[in-house]
Every structure is written in C-alpha cells, then in structure tokens.
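All residue numbers in this chain count up from 1 along the given sequence.
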Amino acid sequence: MSVERANTLTAGWASVSPAGVFSAAVVYPLLALLATVAGGRAAEELRAVAPTPLKLPVRGALGIWTREGTPLTLDWAARCDPRLTGDPAIDRPLLDAWAAAQTGAPVPPLPPIGPDDGLVLASALAVTADWQEPFTDGVLRPADGPWAGRRLASLHRRGPDLSAVRVAHTPAGPVTLLTIAGTADVDVVLCTAGGAAPPGTVLAAAATARPAGSSRPPSGPCISKGLVDADDPEPELVVKVPRFAAVAAHDLLGLAKVLGLGAAVSAGTFPGVGPDPLRVTAAGQSVAAAFTGPGFRAAPVEPAPWAPAPVAAATARRLRVTVRFDSPFGHLTVHRPTGLVLMAGWVSDPEEAR
C-alpha cells in the first residue's frame, strides 16, 4: 500500500511540475511521519497523501532540524537536530554537508533557509546502478521534432530481449516504456508519447501504469520494426537514447497541495511536536542524476570514445525493433523488487555531442 501511495504521489507531482529530476519517494516518509503528530485539518490532509509509513529500500537521507529553544515534546526532540541558528551562512552549509554525507554522492545545494525558520524538513537522494548490459557512446541526429538539426551525445545498445519495451495504453494515449535493467535491484524506465501528450501527463501515466513486458514486438510511439540482413534469425531490440544529466533543488512548499501540506503550511498544528501551535516553515529536496553508458549515476561522467564496429556478412534475415528517443521524454528510476518509483524526471535538453 505504501509503495502504491508513493507512486501516486510521484504521478501527482509530475502532473503539476514535471522537473528534470525529482523524488516523491524520498518525501513520502517525512509526510507519513508528520501525519502521526499533526492535528485537525493538517492531519487529514497528510494522511490522505501518506497514510502509512514507508522505509526507503535504497540509500537516501531524511532530516529534521529545529532552532534551539523551540518547544518540543520529548519524543520529537529525539528525532530532531537542534543546531539551526537562524543564520543562513551557518545553517545552509550544515544541511549541504549532511546531504552529501548521507547519500555518499555530490548533490546540489538544498533550498535556502530563512532566519525565521524554526522547523526545517529536508530530503536528499542519490541513486547509482550499473547497467546489466552497458551502452556504447554514439551520436543521435533527430530529423524532425524539437531536437531536429541537433547533434546529440547518445547511447546505443542492441540485444535479443524484446520484453524490455512495452506500450501502456493510457487516457493520454499510448506511452512507450523501455526498461533498462540495472544492478542493485534498480532499473530505469524511459517513457515517451512521441510528443503527443504533455510531459506531466506522460510521466504520471508511466508512474502508475507499467504493464508486464511481452516477447512479441509492440507498436507505439518512437518504435519502428523491420526485417534486416543478419548472421542469424534471432530478433533484436535496438535502443538509441540521448545522454542526459540533471540536478535540481526543489522548494516543496510550492507543492503544498500535492504533498498534503496545505493546512500544515498555512495554519497547521502539531500537538505531537510541541505544546505551541506550529506550522511547517520550510521543506526542500536536493536531487542529482545522470544517465550514462555504464549506468545510472549520481553525477555526470566523461563519455568514452566511440568507434564503429565491423559488420559481419549477412546469412539470414531478422526482425529488428528499434526504440529511438529523439524527442523530449521521461525517465523513472524504479526499485525492481517493490516497484517503488525512486526518482522521476523529464529530459528536454540532452547533451550535445562533442
């Protein structure tokens, strides 16, 4: 139930603010925690979004800080770090260092902390996974669409597993989903409607509708099929996708309604936190991700040089299914055993080839 609720939160976030990279999963546990100590309308809104706890299955960071002297219950005092001073020059580096230490990776700075913020929630996430089958660096030259005429740094791969690509039929129309299997139980799902639907609609559909794959070649956006000369008749799947990287720092109060923080922000009361009426004054998220040849990284890496491979003499005909992401597309980082969407985002400006 928690995974389903967290994925629904991802879809809700995507529908209103499809950023380059974001993570509803890492926010969900904090919302569930606040729901247990909130009262009145704040409790109702939080429980509607995060009614049950969720333990992240990967390395992430959740932190709560207070200023010294803020009235707290004994239980809540044990959960919080009381080192906020009200001086941004001191508090900002403290949180940035915490995020880097907890995730083990470089992350962008967390959103600013004001001098009057007495309660700060922050979350950070860095996901790394090696591909089970690595990509080769290449160049992608879209012939039409918003990237037409550009020379993009891209990743190419071919293999026999047609089940990696499938098509979800959603209210927004067909959405092509391509699963890139990674190590450490983490996969990346690329999604596209071929420009036929807005980014938020595509990401929201992909976050909540990921059908099982099939060995039969599907038909959908950005998929082409045909017979080609080959050295054996076994079908193959060819993938062409631009390299991309994204870093983002989000002010979560701008998503108060989606996150169930409306009442908590404006006039929330938290009797489980302290005796005085409190409201959430700051909530931020810092995320970094990069899609590279070896795997999904927490920060960009340098591409390897690319060279064409020799072509063997044809002795058979094979079915070739090609998925070509040559227009803006979405990505989901998914914990394979649970189906939890750890991160999501939209690629609108991929890397240029050198």
Of the non-hydrogen atoms in [X] and [Y], which two are nearest, and what is the gap between them?
X      : Y      : answer
Ala25  : Leu54  : O-CD2, 4.3 Å
Ala14  : Ala204 : CB-N, 4.0 Å
Val175 : Cys191 : CG1-CB, 4.0 Å
Gly220 : Thr176 : C-OG1, 3.6 Å
Asp91  : Arg83  : OD1-O, 4.0 Å

Check: [Y] and [X] side chains under 4.5 Å, non-hydrogen atoms:
X      : Y      : answer
Val239 : Phe135 : yes
Arg141 : Asp326 : no
Pro271 : Val37  : no
Val287 : Val247 : no
Asp349 : Arg150 : yes
Val202 : Phe329 : no

Residue Glu133 excluded, over 12 heavy atoms near CD under 6.0 Å: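 It does not: Glu133 CD has 12 such atoms or fewer within range.
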Other residues, nucleotides, ligands: >12 heavy atoms within 6.0 Å of Asp87 CG: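 It does: Asp87 CG has more than 12 such atoms within range.
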Ignoring hydrogens and geometry, is there a side-chain-to-backbone donor-acceptor pair from Ser17 to Ala19 under 3.5 Å?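 No: the side chain of Ser17 does not pair with the backbone of Ala19.
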Is the backbone of Thr52 close enough, under 3.5 Å, to the side chain of Tyr28 for a donor and an acceptor to pair up by distance?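 Confirmed, Tyr28 side chain pairs with Thr52 backbone.
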Please evaluate residues Arg336 and Val334 with respect to the criterion side-chain contact (heavy atoms from CB on, under 4.5 Å), reporting the C-alpha separation (whole Å), side-chain torsions for both, the decisive distance (0.1 Å), and the verdict. CA-CA 6 Å; Arg336 190 184 312 119; Val334 181; 5.9 Å; no
Check the pair Val21 / Met343 against side-chain contact (heavy atoms from CB on, under 4.5 Å), numbers first and verdict last. CA-CA 7 Å; Val21 61; Met343 303 170 73; 3.5 Å; yes
Quick check: Trp131 with Phe291 (ring centres under 6.0 Å apart)?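 They qualify: ring centres under 6.0 Å apart.
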Can you tell me how far CG of Leu332 sits from OG1 of Thr10, rounded to the nearest 0.5 angstrom?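 Between Thr10 OG1 and Leu332 CG, I get 8.0 Å after rounding to 0.5 Å.
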Is there a ring pair (Phe, Tyr, Trp, His ring centres under 6.0 Å) between Phe325 and Trp147 once you walk through the steps? CA-CA 11 Å; Phe325 292 86; Trp147 296 342; 9.7 Å; no
Same apolar cluster: Ile90 and Trp65, side chain cutoff 4.5 Å: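 No: no chain of side-chain contacts under 4.5 Å links Ile90 to Trp65.
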Determine whether Thr322 and Lys225 satisfy the following criterion, side chain to side chain donor-acceptor pair (under 3.5 Å), listing intermediate values before the conclusion. CA-CA 6 Å; Thr322 301; Lys225 295 178 284 187; over 6 Å; no
